[in-house]
Trainee: 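My questions all concern the structure below.
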Amino acid sequence: MPLILSPGSVYEKEGRKEPAPTLTLQVLAYSEAVMPVMRHCRQCRADAVGLIGDDLGVKTENAPAREYGPAAREQLLIRLDRTAAESKRREANAGEQGERGSIRIAVATRGGSQVNVHFGHAREFLVYEVSGQEQKLLGVRRIQAYCNGKAECGEADKEAILDETVALLQDCSIVLCAAIGPGPAERLASAGLTALARKGEIGKLMEQCAKYHRFFTSISCSPRLSADQRMDLHVQ
């Protein structure tokens, strides 16, 4: 789980920094070579498995007990080394997300497998990696709501919250939410993120988003379009 610094804590006084979301994903990927990983953890309860109304837990209760002797341990280490080497090879060959044929989508939801939260009211985003028909939950990104309904919240505070949200979602291509205002949508677009306002079932909407992204990426990358035209398509 990523470190969350509390003001005045020992970790803050020691000068420790919270890990970037990309680093957290790398650690999860390497850990999966050794054991099942729960990517939906919100750091509220270490023993909580799954989302409310949508269990995403890894079923390990029926896994057989294992005893490893010296030979078995040696074989396990060999397999783990091969898995790690293969993972590094794929990363080196894949390069950018577009070359992997997959995109990352941040989803605003309050549960029920539905996109049902306004961007400004979202307190967390589920981040998925979508490739063809495959949709994999990478993790949960907790944020501070952009519109918190407090009168004392000034424009400077809102801009700081928005900047922090954009930084946390920087590795995503699409932000999927029930609705979004023009200001935040433009701020996301300027950072290379496409905001889409849709309501409905997460899986179906992400499949549509992936098709949308591939279509407009192919158009915006056309050499017959000017840079300004490509920017207009992206914002739209």
Side-chain angles (χ1 to χ4, degrees), residues 1-52 56-58 60 77 80-81 83-85 87-88 90-92 94-97 100 102-111 117 119-129 136-148 150 152-175 177 184 187-188 190-193:
M1 296 185 298
L3 171 68
I4 295 180
L5 292 176
S6 297
S9 66
V10 175
Y11 297 121
E12 184 185 52
K13 294 177 181 178
E14 290 178 349
R16 298 184 184 273
K17 303 295 182 181
E18 295 183 2
T22 51
L23 176 59
T24 302
L25 293 179
Q26 289 176 6
V27 173
L28 290 173
Y30 286 128
S31 299
E32 280 185 325
V34 182
M35 66 183 71
V37 170
M38 293 187 296
R39 295 177 175 270
H40 54 267
C41 182
R42 287 164 170 71
Q43 296 177 294
C44 53
R45 285 178 52 201
D47 61 335
V49 178
L51 306 175
I52 296 177
L56 301 177
V58 180
T60 59
L77 290 174
L80 292 177
D81 287 341
T83 300
S87 176
K88 291 181 180 180
R90 286 197 301 267
E91 289 180 3
E96 298 181 351
Q97 288 186 6
R100 294 198 303 266
S102 64
I103 62 171
R104 287 180 184 171
I105 300 177
V107 180
T109 178
R110 61 172 58 95
V117 180
F119 176 85
H121 300 160
R123 296 185 180 277
E124 67 180 22
F125 284 90
L126 304 186
V127 177
Y128 290 85
E129 188 157 48
K136 181 179 181 181
L137 177 66
L138 296 182
V140 182
R141 308 270 175 91
R142 299 298 299 270
I143 63 169
Q144 184 175 351
Y146 176 70
C147 301
N148 54 22
K150 295 181 180 179
E152 65 270 19
C153 180
E155 288 300 319
D157 298 321
K158 294 177 69 174
E159 287 302 315
I161 293 172
L162 186 54
D163 287 343
E164 182 178 345
T165 300
V166 171
L168 283 174
L169 303 179
Q170 191 64 63
D171 59 327
C172 299
S173 299
I174 294 175
V175 176
C177 52
R187 176 67 180 86
L188 290 171
S190 67
L193 300 168

Trainee: Looking at CD of Gln144 and OG1 of Thr165, how far apart are the two atoms once the value is rounded to the nearest 0.5 Å?
Mentor: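 Answer for the CD-OG1 pair, Gln144 versus Thr165, is 8.0 Å.
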Trainee: In chain order, what residues pass the side-chain contact (heavy atoms from CB on, under 4.5 Å) check against Ala20, with sequence neighbours excluded?
Mentor: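 Partners of Ala20 under the side-chain contact (heavy atoms from CB on, under 4.5 Å) test: Thr22.
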Trainee: Between Val166 and Leu188, which heavy-atom pair has the shortest distance, and what is it?
Mentor: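 Looking at all heavy atoms of both residues, the closest pair is CG2-CD2, 3.7 Å.
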Trainee: Kindly say whether Gly8 contributes a backbone atom to a donor-acceptor pair with the side chain of Glu12 at under 3.5 angstrom?
Mentor: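 Side chain of Glu12 to backbone of Gly8, a donor-acceptor pair under 3.5 Å: yes, one is there.
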Trainee: Would you compute the distance between atom NE2 of His121 and atom CZ of Arg110 and round it to the nearest 0.5 angstrom?
Mentor: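 Reported value, rounded in 0.5 Å steps: 9.0 Å.
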Trainee: Any side-chain to backbone donor/acceptor pair from Gln170 onto Gly192? Under 3.5 Å, distance only.
Mentor: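 Absent.
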Trainee: State, to 0.1 Å, how close Leu169 and Leu193 come at their nearest heavy-atom pair, and which atoms those are.
Mentor: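 Heavy atoms only, the tightest pair is O-CD2, 3.4 Å.
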Trainee: Could you tell me which residues satisfy side chain to side chain donor-acceptor pair (under 3.5 Å) with Glu32, sequence neighbours excluded, listed by chain and number?
Mentor: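 Side chain to side chain donor-acceptor pair (under 3.5 Å) check on Glu32 returns Arg39, Lys136.
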Trainee: Could you grab the distance from atom CG of Leu23 to atom CD of Glu18, nearest 0.5 Å is fine?
Mentor: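 Spacing of CG (Leu23) from CD (Glu18) equals 12.0 Å.
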Trainee: Below 4.5 Å, heavy atoms only, C-beta onward: do Asp163 and Arg187 meet side chain to side chain?
Mentor: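 Heavy-atom side-chain distance check passes, below 4.5 Å.
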Trainee: Would you compute the distance between atom CD of Glu129 and atom SG of Cys172 and round it to the nearest 0.5 angstrom?
Mentor: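 Spacing of CD (Glu129) from SG (Cys172) equals 10.0 Å.
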Trainee: Which heavy atom of Ile143 sits nearest to which heavy atom of Ala122, and what is that distance?
Mentor: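 What the structure gives for the nearest pair is CD1-O, 3.4 Å.
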Trainee: List the atom of Arg142, the atom of Leu168, and the distance in Å for their closest heavy-atom pair.
Mentor: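 So the two residues come closest at O-CD1, 3.6 Å.
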Trainee: Listed by chain and number, what are the side-chain contact (heavy atoms from CB on, under 4.5 Å) partners of Pro184, not counting sequence neighbours?
Mentor: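 Partners of Pro184 by the side-chain contact (heavy atoms from CB on, under 4.5 Å) criterion, ordered by chain and then number, come out as Phe119, Tyr146, Leu162, Ile180.
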Trainee: Specify the closest pair of heavy atoms between Thr109 and Leu126, including all atoms of both residues, with the distance to one decimal.
Mentor: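 So the two residues come closest at CG2-CD1, 3.7 Å.
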Trainee: Grab the two heavy atoms, one from Ile103 and one from Ser173, that are nearest each other, plus how far apart they are.
Mentor: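 Scanning both residues completely, I find the closest heavy atoms to be CB-OG, 4.1 Å.
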